[in-house]
2 protein chains.
Amino acid sequence: MRRTPAPRPLPPAEDQAARFARQREADRTATAEDYVELIADLLRADGEARAVDIARRMGVSQATVTATIGRLQRDGLVETKPYRGLFLTDAGRDMAQAAKARHELVVRFLIAVGLDAETAEQDAEGIEHHASEAALQAFERFLAARKAGG
Amino acid sequence: MRRTPAPRPLPPAEDQAARFARQREADRTATAEDYVELIADLLRADGEARAVDIARRMGVSQATVTATIGRLQRDGLVETKPYRGLFLTDAGRDMAQAAKARHELVVRFLIAVGLDAETAEQDAEGIEHHASEAALQAFERFLAARKAGG
DNA sequence: TCCGAAAGTTAGCCTAGGCTAAGAAGTGAT
DNA sequence: ATCACTTCTTAGCCTAGGCTAACTTTCGGA
């Protein structure tokens, strides 16, 4: 029982820097993914996506939604007409679909490893943006194995 | 084989808004956690934490480090003397220790579910900030069970 | 000792993503 | 058709977290 468990040396600075850089990249796309995912859900559920509903569901002001939508439009993810509802471009739809699939996979995975549904839903919101393709595949394999094995 | 898999209704707006709010809260603390964790690592490995090394390992400029350290100092996590190294306050040490424990738990967990070590390290960087206490406990249980069962 | 390189800071700029307050545009009921 | 209400936008502000360029301080070697 030693006090210094494992004086693991620090990773090479370049590796660590690369990880943080990828991290910041993921942070940048997270907002866009959350928005298009929500817009897709609203379009499916209500037939339209209105700024006021997005504001309510994101827990932010309408002014913030207007500004964010502007960025999404600039980035070619949504289309808007002033005072009209929002629509997703092809790119937006693709992103939404991928985000939704990731989200649901992460939720199912978290529940499978023993988390309650409510917390799984909460944590998935953050984790989905930081799980790599490799991680998602590992989650899929895990779920498949669990299903097969019982 | 239906085209519309499950027209799952949207969650209540308030619940969803609360989740996003907690999400934003986690995002705000993530930077602080990353910094104090790195500072603790540097102190342990090198005996001192210098801004230039933090800049190198975070992949940002020294000016960015200076600004961020200023915020950490304002928030009572680090202590600095101009042109001298950095030191953690008690609060900073606590945060660093918790962050490190979370980080390593997430890495071990990701490896246990089939991820390679390199990707686990990368993904943990993002996931550690978004896993709730309940999730971390679930990960612990999973690892314990895996160890017991084989 | 002193002087050049390395380290740290400061100034000034930028974007994302929050906010409030106020005004403009659309909509529904009478 | 009008008027009140809702929705959307605009203006102006803020913080976090990036950047470069220029300046200051420290430190080590000749």
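A quick note: this is a predicted structure, and the numbers were derived from the prediction, not measured.
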Asker: Counting only heavy atoms and a strict 4.0 angstrom limit, can you tell me which residues of residues 81-97 of chain B come near DNA chain D?
Answerer: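 Here the set is B:Y83, B:R84.
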Asker: Hey, where on DNA chain C does chain B first and last touch, going 5' to 3'? Cut-off is any atom under 4.0 Å from a heavy atom.
Answerer: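 Endpoints of the contacted stretch of DNA chain C: C:dA7 to C:dG18.
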Asker: Rounded off to whole Å, could you give me the CG-to-P distance for the A:L42 and D:dT7 pair?
Answerer: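 One finds 14 Å between P of D:dT7 and CG of A:L42, rounded.
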Asker: Please test B:H130 against B:Q23 for side-chain hydrogen bond (donor to acceptor under 3.5 Å, both in side chains), starting from the C-alpha separation and ending with a verdict.
Answerer: CA-CA 8 Å; B:H130 297 95; B:Q23 205 45 50; 3.0 Å; yes
Asker: If you pin A:A51 and B:R74 to their nearest nucleotides in DNA chain D, which one's is more 5'?
Answerer: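 The residue closer to the strand's 5' end, by nearest nucleotide, is A:A51.
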Asker: Residues in salt bridge (charged side-chain N to carboxylate O under 4.0 Å, His left out) with A:E133, at least two apart?
Answerer: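 Applying salt bridge (charged side-chain N to carboxylate O under 4.0 Å, His left out) to A:E133 gives none.
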Asker: Determine, stepwise, if the pair B:R22 / B:E25 fulfils salt bridge (Lys or Arg N to Asp or Glu O under 4.0 Å).
Answerer: CA-CA 5 Å; B:R22 257 171 285 168; B:E25 180 57 34; over 6 Å; no
Asker: List the steps, then state whether salt bridge (Lys or Arg N to Asp or Glu O under 4.0 Å) holds for B:E104 with B:K100.
Answerer: CA-CA 6 Å; B:E104 299 193 339; B:K100 189 172 187 59; 3.6 Å; yes
Asker: Can you list the other members of the hydrophobic cluster that holds A:I111, where links are side-chain heavy atoms under 4.5 angstrom apart?
Answerer: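 A:I111 shares its hydrophobic cluster with A:V107.
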Asker: The criterion is side-chain hydrogen bond (donor to acceptor under 3.5 Å, both in side chains); which residues satisfy it with B:E33, sequence neighbours excluded?
Answerer: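 With sequence neighbours excluded, B:E33 shows a side-chain hydrogen bond (donor to acceptor under 3.5 Å, both in side chains) to B:R102, B:H129, given in chain and number order.
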Asker: Give me the residues of residues 17-32 of chain A where at least one heavy atom lies under 4.0 Å from an atom of DNA chain C, by number, or none.
Answerer: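 Within residues 17-32 of chain A, the residues near DNA chain C are A:T31.
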Asker: Give every residue pair that meets the side chain to side chain donor-acceptor pair (under 3.5 Å) criterion with at least one member in residues 84-95 of chain A, sequence neighbours excluded.
Answerer: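 Pairs touching residues 84-95 of chain A that pass the test: A:D90-A:R93.
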Asker: Tracing side-chain links under 4.5 Å among I, L, V, M, F, W and Y, which residues wind up in one group with B:L136?
Answerer: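 Result for B:L136 is A:L105, A:V106, A:F109, A:L110, A:V113, A:L115, A:I127, A:L136, A:F139, A:F142, A:L143, B:L105, B:V106, B:F109, B:L110, B:V113, B:L115, B:I127, B:F139, B:F142, B:L143.
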Asker: Looking at residues 61-70 of chain B, who's got a heavy atom less than 4.0 Å off DNA chain C?
Answerer: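 Heavy-atom cutoff 4.0 Å gives B:Q62, B:A63, B:T66.
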Asker: A:R141: which residues meet the salt bridge (charged side-chain N to carboxylate O under 4.0 Å, His left out) condition with it, sequence neighbours left out?
Answerer: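 For A:R141 there are no salt bridge (charged side-chain N to carboxylate O under 4.0 Å, His left out) partners, ignoring immediate neighbours.
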Asker: Run the side-chain hydrogen bond (donor to acceptor under 3.5 Å, both in side chains) test against A:D75 and tell me which residues pass, sequence neighbours left out.
Answerer: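 Once residues adjacent in sequence are excluded, A:D75 has no partner under the side-chain hydrogen bond (donor to acceptor under 3.5 Å, both in side chains) criterion.
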Asker: Under the salt bridge (charged side-chain N to carboxylate O under 4.0 Å, His left out) definition, can you give me all pairs with a residue in residues 9-19 of chain B, not counting sequence neighbours?
Answerer: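 Sorted pair list: A:E118-B:R19.
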